[in-house]
2 protein chains.
Amino acid sequence: MSEKKAEELLKKNQLSITGGRRKILELFLQHDGALSHGDIEKKAGEKFDRVTVYRTLQAFLEKGLIHSIPTSDNSIRYALCKDECSGGQHRDDHVHFICNTCGNTICLEDVTVPAIKLPRGYVTEQVEMLVSGVCKSCNR
Amino acid sequence: MSEKKAEELLKKNQLSITGGRRKILELFLQHDGALSHGDIEKKAGEKFDRVTVYRTLQAFLEKGLIHSIPTSDNSIRYALCKDECSGGQHRDDHVHFICNTCGNTICLEDVTVPAIKLPRGYVTEQVEMLVSGVCKSCNR
DNA sequence: ATTCACTTGCAACAATGTTGCAAATATTTT
DNA sequence: AAAATATTTGCAACATTGTTGCAAGTGAAT
């Protein structure tokens, strides 16, 4: 199902289509939330070498297929960018939510990071907003 | 100079005063900005075991002497909390700035993280705001 | 000064991340 | 469709980072 979409995405981003890339991309497409390197290794089973996962994520990042989300536990999460992103310049201005109950990290595509005024002398280039708490699924 | 202040802070937080803790705390007091585990190891010279640094940071975190700042490079930064923090509950609502030029991470104590409204179902417990760009010192 | 609790350093280990290179696979050309 | 070319993969070896148990050392309390 998501196999076709994965191939499309790879093509659109000028990445050759290989088993590993397709599989990892499918994981992102299937999983509704961000994934860490470790998550991917686990979810992919024994199928791919660790190094391949590193390099694939690296490639996806460079092409703008995914973006990285900082964390406080030394395990960066990655999430798919929206279609408009893949082109070239990023439009990655949404808030990220980390659920303290289930541990998932989610892109809140509909919540835009508010503008922020810094003291004189500082230049803003990018803003990242991380909200932690209880997510929709856990909150019932 | 900062030696006395370091001891005071340790006492106030019910931590016994040892060479390592004093030294690491002094580093924070002297350095105006956040430090990673690696920074501390380097700055402290060969003086302390790696494990001691881990455990010291852990202890400082638990006592609320320092807070951690998430990053996108898998190397969490730590910074001193303001005095009011150390008591018990955190009041850690300032923006963090990461300079893309010098690489420093700085607490902008005067810039408060704006409130943010999340979609129905989400509960906010903590908000972290990371701004990257060019800092005051690099911008001249 | 002695006792007791806590902290440190060491050693051993586990996990995570990096690099070079030959084999395998994808893409392009003929 | 097959050959040539470019890219990607897996392996091995290694570097770095983080964790745990335990004996020795140090700080704090009696």
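Values reported hereafter were calculated over all heavy atoms of this structure, with side chains retained and with hydrogens, waters and symmetry mates removed. Within every chain, numbering begins at 1; the chains are lettered A, B, ... in the order of the sequence lines, protein sequences first and strands thereafter. What you see is a predicted model, and the numbers here were worked out from it, not measured in a lab.
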Atom-pair distance (CG on Asp49(A); C1' on dA22(C)), nearest Å: 14 Å
Sugar-phosphate only, base, or nothing, as touched by Lys47(B) at under 4.0 Å among non-hydrogen atoms: sugar-phosphate
Nearest heavy-atom neighbours spanning Leu130(A) and Pro70(B): CD1-CG, 3.7 Å
Protein-nucleotide distance (Arg21(A), atom CZ; dT27(C), atom P), rounded to Å: 9 Å
Donor-acceptor side-chain pairing of Ser2(A) and Gln30(A) below 3.5 angstrom: yes
Lys23(B) NZ to dT8(C) P, straight-line distance once rounded to whole Å: 15 Å
Side-chain N,O (Thr56(B)) to OP1/OP2 (dT7(C)) below 4.0 Å: no
d(CG, Leu57(A); C1', dT9(D)) in whole Å: 15 Å
Proximal nucleotide (of dT8(C), dT8(D), dC10(C)) relative to the Thr52(B) side chain: dT8(C)
Nucleic acid footprint by protein, nucleotides 15-21 of chain D - heavy-atom cut-off 4.0 Å, B for base, S for sugar-phosphate alone: --BBBBB
Asp73(B) CG - dT16(C) C1' separation (whole Å): 14 Å
Interatomic spacing from OG in Ser72(B) to CD in Glu128(A) - rounded to 0.5 Å: 6.5 Å
Asp49(A) side chain to Thr52(A) side chain, donor-acceptor N/O pair below 3.5 angstrom: no
Chi angles and distances behind the side-chain contact (heavy atoms from CB on, under 4.5 Å) call for His31(A), Lys43(A): CA-CA 10 Å; His31(A) 189 86; Lys43(A) 280 180 192 288; 3.7 Å; yes
Any side-chain donor near an acceptor of the partner, Arg77(A) and Ser75(A), under 3.5 Å: yes
Interatomic distance, Leu10(B) CG vs dT26(D) P [rounded to whole Å]: 18 Å
Under 4.0 angstrom between Ser16(B) side-chain N/O and dT26(D) OP1 or OP2: no
Mutual orientation of the aromatic rings belonging to Tyr54(B) and His37(B) [parallel < 30°, tilted 30-60°, perpendicular > 60°]: parallel
Rounded interatomic separation in angstrom, taking CD1 from Ile76(A) and P from dT16(C): 13 Å
Main-chain N/O of Val113(A) paired to Asp93(A) side chain as donor or acceptor, under 3.5 Å: no
Degree of bending in the helix from dA1(C)-dT30(D) to dT30(C)-dA1(D) once both end axes are built from five pairs, to 10°: 30°
Option passing side chain to side chain contact (heavy atoms under 4.5 Å, CB included) with Tyr78(A) (candidates Leu35(A), Leu61(A), Asp39(A)): Leu61(A)
